[in-house]
Structure formats: structure tokens, C-alpha cells
Amino acid sequence: GLRVAPWLVVRSDDMADVTGVVAGVVDGIGLPVFIKPAELGSSVGVSKATTEAEVKEGLELAFRHGSKVIVEEAIRGREIEVGVLDGPRASMPGEIVIETDWYDYDAKYRDETSRFEAPARLNGAQTARVRSLAAEAFTALECRGLARVDFLFEEGGRGFLLNEVNTMPGFTPISGFPKMWQASGMTYPELCDELVRAALGAG
């Protein structure tokens, strides 16, 4: 029952008819699309395709990283994240603000074209809604311990679309997950203690 972007799965065996696959993407979703290896993160092997030729190139790139690829509609929206702990308890949301066309590997790790803001610039109703959706996603996937739930937010459109659930998010002091909990009133050491206690209790 969680809203996501229109999508389809392509498997390596399907590529025997690459023309048919490309046609299926264009007919089923339209352009532009994002093409992603199902097994990886950090935007590795991900590409944005705006033409049929780019769809074919994107599929070939993604299949270098696994045998299952996800193709989904390219959503033009704000990137909103929520940290979730057992309970589930949802943090104040954060937002990735980017200066490039999309949040690729370089924007994440190599240059200074993105920044993370916590709390996100949302009104009270929007904040409550995205926190509730994050908790629902955590529960639906039977997550434990911690997760970071990522959304694309279409203001004036479809609202919050679930993008992914990261079950082992970055956890340095400058990562988004602890920053969102700090914005919620929990310090980095307190968050570490919380997770250690949860792990010991699970044992």
C-alpha cells in the first residue's frame, strides 16, 4: 500500500531481445527513466535515460553489476529521508539538496554539489506524513535495528513516493542518519548506545 514510482524489472535473460526490452520500457513507463542494478547502492551502475539509445546503454551498464535491473520513472521531486529505529520510531526528516540533475555517485562522494539539511524544510503536516510513511515501510519490510527510508517528494503532485529502504545506512558523525536523530534530540553517543542496547536485547 506504499506509493512508489512506476517501475519494471528486467533480468539478464530478457536481454536476448534488447529491442523488445527497450520498447517495453518506453511503452510501459515512458521517458525519462532511471536504470538501476537491484543489488547495489550509492548510485553505482545507475544511469538516467532520456532516449531509447540511452535506455539500451543504461541497461548494459547496470547488467555489469548483477543479473537483475530495476527501471523506474524519473521523478522530479525533493529527496527526503527519515531515520527509523525499532518501535518503529521515526526521526525528524532530512533533505538532500543537490545542484546537479540527479544525485549520482560524484554528488554523493566526490564533489560539493550536494548538502544535507536536517530537519527538512517541510510543514507540520508534511513532516508527520513522511514520518508515518517511513514507519510503515520499516514495518512492512520487517526491518530490525535501524533503517533509513528515502522518499521523492512531488509537491503539488503525488506527494511522497517511497524510493528505497536502506537497511545499513551510513553512520559517520556527518552521515544523514545520525544528523536526523540529532535534529530529533538524540546525540550521536546516545544513538550508538541505543543501537548497542537493541542488539544485545535481540541476542
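The residues of the chain are indexed from 1 along the displayed sequence.
- Asn163 contributes atom CG, which lies 7.0 Å from atom CD of Glu79 (distance to the nearest 0.5 angstrom).
- Using a cutoff of 4.0 Å between basic side-chain nitrogens and carboxylate oxygens, Glu95 and Arg78 are scored as salt-bridged.
- Distance check: Leu31 CG to Thr50 OG1 gives 7.0 Å after rounding to the nearest 0.5 Å.
- Atom CG of Asp150 sits about 4.0 Å away from atom CD of Glu81, to the nearest 0.5 Å.
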Enumerate, atom names and distances included, each donor-acceptor pair closer than 3.5 Å involving a side-chain atom of residues 120-129, sequence neighbours excluded.
{"unit_1": "Arg121", "atom_1": "NE", "unit_2": "Glu117", "atom_2": "OE1", "d": "3.0"}
{"unit_1": "Asn123", "atom_1": "OD1", "unit_2": "Ala125", "atom_2": "N", "d": "3.1"}
{"unit_1": "Asn123", "atom_1": "OD1", "unit_2": "Gln126", "atom_2": "N", "d": "2.7"}
{"unit_1": "Gln126", "atom_1": "OE1", "unit_2": "Asn123", "atom_2": "N", "d": "3.0"}
{"unit_1": "Thr127", "atom_1": "OG1", "unit_2": "Asn123", "atom_2": "O", "d": "3.0"}

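- When all heavy atoms are compared, the tightest approach of Glu54 to Ile35 is O-CD1, 4.3 Å.
- The shortest non-hydrogen separation linking Ala134 to Phe151 is N-CZ, 3.6 Å.
- In plain terms, the two heavy atoms of Leu85 and Phe177 that are nearest each other are CD2-CZ, 4.0 Å.
- Put simply, CE on Met15 and CG on Leu59 are 4.5 Å apart, with the number rounded to the nearest 0.5 Å.
- Between the side chain of Gln182 and the backbone N or O of Met186 there is no donor-acceptor pair closer than 3.5 Å.
- Under the 3.5 Å distance criterion, the side-chain polar atoms of Arg148 are left unmatched by any main-chain donor or acceptor of Asn166.
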Residue pair Cys192, Phe171: steps toward the side chain to side chain contact (heavy atoms under 4.5 Å, CB included) verdict: CA-CA 9 Å; Cys192 291; Phe171 206 84; 3.7 Å; yes

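- Under the side chain to side chain donor-acceptor pair (under 3.5 Å) criterion, Asp86 pairs with no residue at all, not counting sequence neighbours.
- Smallest separation of non-hydrogen atoms from Ala5 and Glu73: CB-O, 4.2 Å.
- Ser67 contributes no side-chain N or O that, together with a main-chain N or O of Ser12, makes up a donor-acceptor pair within less than 3.5 Å.
- Considering all non-hydrogen atoms of both residues, Pro37 and Gly45 come closest at CD-O, 3.4 Å.
- Of the inter-residue distances, the one linking Tyr188 atom OH with Asp193 atom CG reads 11.5 Å to the nearest 0.5 angstrom.
- Using a cutoff of 4.0 Å between basic side-chain nitrogens and carboxylate oxygens, Glu60 and Arg64 are not scored as salt-bridged.
- Hydrophobic clustering of Ile, Leu, Val, Met, Phe, Trp and Tyr side chains at less than 4.5 Å, counting indirect connections, keeps Leu152 apart from Val165.
- Between the side chains of Thr187 and Glu190, a donor-acceptor pair is found at a separation under 3.5 Å.
- For Arg158, the CZ atom sits in a packed shell: over 12 heavy atoms of surrounding residues, nucleotides or ligands are nearer than 6.0 Å.
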Verdict with reasoning, Val130 to Val82, per side chain to side chain contact (heavy atoms under 4.5 Å, CB included): CA-CA 8 Å; Val130 76; Val82 180; 4.0 Å; yes

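- Using a cutoff of 4.0 Å between basic side-chain nitrogens and carboxylate oxygens, Glu39 and Lys68 are not scored as salt-bridged.
- In terms of heavy atoms, Lys48 sits closest to Ala74 at CE-CB, 4.3 Å.
- Asp14 contributes a side-chain N or O that, together with a main-chain N or O of Arg11, makes up a donor-acceptor pair within less than 3.5 Å.
- Below 30°, between 30° and 60°, or above 60°: for Phe160 and Phe153 the angle between ring planes is below 30°, a parallel geometry.
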Verdict with reasoning, Val69 to Lys36, per side chain to side chain contact (heavy atoms under 4.5 Å, CB included): CA-CA 6 Å; Val69 167; Lys36 309 175 178 182; 5.8 Å; no

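- Under a hydrophobic-cluster definition in which Ile, Leu, Val, Met, Phe, Trp and Tyr are linked whenever side-chain heavy atoms come within less than 4.5 Å, directly or via other members, Leu133 and Phe138 are assigned to the same cluster.
- Classification of Glu194 and Arg89 as a salt-bridged pair holds, one side-chain N sitting under 4.0 Å from a carboxylate O.
- Taken from CG in Leu146 to OG in Ser91, the straight-line distance is 11.0 Å, to the nearest 0.5 Å.
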